[in-house]
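Only one structure is covered here, and it is reproduced in the block below.
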Protein chains: 2
Amino acid sequence: MRDSGYTIQDMAERCGMTAHTLRYYERVGLIQPVSRARNGHRRYSEADEAWLHFLHCMRATNMPIRAMQRYAELRELGDSTSLERRKILEDHRAAIASQIKDLEQAHAMLTHKIANYKKIEQRTRIGGPLAEEAVNCRLATAG
Amino acid sequence: MRDSGYTIQDMAERCGMTAHTLRYYERVGLIQPVSRARNGHRRYSEADEAWLHFLHCMRATNMPIRAMQRYAELRELGDSTSLERRKILEDHRAAIASQIKDLEQAHAMLTHKIANYKKIEQRTRIGGPLAEEAVNCRLATAG
DNA sequence: CCTTGACTTTGAGCACGCTCGAAGTTGTAC
DNA sequence: GTACAACTTCGAGCGTGCTCAAAGTCAAGG
């Protein structure tokens, strides 16, 4: 049974999701009902793939399903919803920027803390005094 | 009733969590049993605050509770666990780096897509032809 | 013919991380 | 003395986002 298009498994692999997730996304309206082969099996198009990649990318950056549903809904409604859709994207971009900021801070903090651990391990190896508290309790402001 | 130290509410505010969450963290072993005032109310120390800030920071960057529990456990076990603790931090730092990468990619993609929306809105306003597909279906590689 | 395997639907279940409700105790203010 | 607010414990409940189980259909291969 061919009927042109990707099977659900193919698409799952291509998009880094499971077949379960693809059906779920369809169920909750993130993707319009997918076309079917004669035997009733789903057949995904290239356009579906692009859209699913987009969804995957938004999810991977913590956009809530709710927001994605709203976006999908507006998309179905056509051109007149362009402004609202853009706003959703802009909001999410802002959310991403904020996440990046938090992550970068944490990254720097961990780098400090890890350096501290290394120092301590060094000292421990040569039998020096321990200063674990500096690592554990001061959020790595310690030198 | 004083008995020196922060109340659970104070600490919740200082750490950007709720009192509920503080009790929960204690329950699941993320923080050692907190000292009590004579009336049985919790009193948090400065050391508790630093540790809670650290926990908050790790959670905010998506470290699973499980990993935090492991780290806390090792910390209780003392100096000999230094290497394993460092490994946990290094793993999490790597996870953070990977998250940042994804977020930056998504950010760039959204910037493209948003620019596209603006273009389309411009054209629509002056009565030009619509090209929404470029925005919706090509993950913003479209010009 | 019969097995195998990929699909289908529906609804239930799960992991995570809180979040809340109920019932009780204290300490302070009026 | 009595109202009120802030805490206590315990266990249950919840929102999110999947994830899976059951029962069935279909097509191809041996």
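Everything numeric here is computed off the predicted structure, so don't read it as measured data. Chain naming here is simple, since letters A, B, ... match the order of the sequence lines and numbering starts at 1 in each.
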For the pair made of [atom1] in [X] and [atom2] in [N], what is the distance, rounded to whole Å?
{"X": "B:Ile8", "N": "C:dT25", "atom1": "CD1", "atom2": "P", "value": "20 Å"}
{"X": "B:Glu26", "N": "D:dC10", "atom1": "CD", "atom2": "P", "value": "11 Å"}
{"X": "A:Leu30", "N": "D:dT16", "atom1": "CG", "atom2": "P", "value": "14 Å"}
{"X": "B:Tyr24", "N": "D:dT8", "atom1": "OH", "atom2": "P", "value": "18 Å"}
{"X": "A:Asn62", "N": "C:dC16", "atom1": "CG", "atom2": "C1'", "value": "14 Å"}
{"X": "A:Leu55", "N": "D:dC18", "atom1": "CG", "atom2": "P", "value": "11 Å"}
{"X": "B:Asp3", "N": "D:dT8", "atom1": "CG", "atom2": "C1'", "value": "15 Å"}
{"X": "B:Arg66", "N": "C:dC16", "atom1": "CZ", "atom2": "C1'", "value": "10 Å"}

side-chain contact (heavy atoms from CB on, under 4.5 Å) with A:Glu84: which residues, sequence neighbours excluded?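 If we apply the side-chain contact (heavy atoms from CB on, under 4.5 Å) test to A:Glu84, skipping adjacent residues, the hits are A:Arg70, A:Leu74.
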Identify which nucleotide among [options] has an atom closest to any side-chain atom of [X], counting heavy atoms from C-beta outward.
{"X": "B:Asn39", "options": "D:dG17, C:dT26, D:dC7", "answer": "C:dT26"}
{"X": "B:Ile65", "options": "C:dG17, C:dA6, D:dG17", "answer": "C:dG17"}
{"X": "A:Arg59", "options": "D:dT8, D:dG17, C:dG17", "answer": "D:dG17"}

With no hydrogens and no angle check, just 3.5 Å: does a side-chain donor-acceptor pair link B:Arg93 and A:Thr111?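 B:Arg93 vs A:Thr111: donor-acceptor pair found between side chains.
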So, A:Ser82 versus A:Asp79: side-chain donor-acceptor pair below 3.5 Å or not?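 No - no donor-acceptor pair under 3.5 Å links their side chains.
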Scan for side-chain hydrogen bond (donor to acceptor under 3.5 Å, both in side chains) pairs involving residues 16-29 of chain A, sequence neighbours excluded, and state none if there are none.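 Sorted result for residues 16-29 of chain A: A:Thr18-A:Thr21, A:Glu26-A:Arg42.
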By the 4.0 Å heavy-atom rule, please label B:Arg27 as base, sugar-phosphate, or nothing.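 If one applies the 4.0 Å heavy-atom cut-off, B:Arg27 turns out to touch a base.
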Any residue of residues 12-23 of chain B with a heavy atom less than 4.0 Å from an atom of DNA chain C: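 Within residues 12-23 of chain B, the residues near DNA chain C are B:His20, B:Thr21.
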Side-chain N,O ([X]) to OP1/OP2 ([N]) below 4.0 Å:
{"X": "B:Arg36", "N": "C:dT26", "result": "no"}
{"X": "B:Gln9", "N": "D:dA6", "result": "no"}
{"X": "A:Arg38", "N": "C:dC7", "result": "no"}
{"X": "A:Thr7", "N": "C:dA6", "result": "no"}
{"X": "A:Tyr25", "N": "D:dG17", "result": "no"}

Can you say whether the rings of B:Tyr71 and A:Tyr117 are parallel (under 30°), tilted (30 to 60°) or perpendicular (over 60°)?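 B:Tyr71 vs A:Tyr117 ring planes: perpendicular.
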Toward the 5' end of DNA chain D, which comes first, A:Met63 or B:His41, by nearest nucleotide?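 Taking each residue's closest nucleotide, the earlier one in sequence belongs to B:His41.
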Identify, with sequence neighbours excluded, every residue that meets side chain to side chain donor-acceptor pair (under 3.5 Å) alongside A:Arg36.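 For A:Arg36 there are no side chain to side chain donor-acceptor pair (under 3.5 Å) partners, ignoring immediate neighbours.
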With sequence neighbours left out, what residues match A:Tyr44 under side chain to side chain donor-acceptor pair (under 3.5 Å)?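 Side chain to side chain donor-acceptor pair (under 3.5 Å) check on A:Tyr44 returns nothing, list empty.
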Please tabulate, for the side chains in residues 97-106 of chain B, all donor-acceptor contacts under 3.5 angstrom to protein atoms that are two or more places apart in sequence or on a different chain.
| residue | atom | partner | partner atom | Å |
| --- | --- | --- | --- | --- |
| B:Gln99 | OE1 | B:Asn62 | ND2 | 2.6 |
| B:Gln99 | NE2 | B:Thr61 | O | 3.2 |

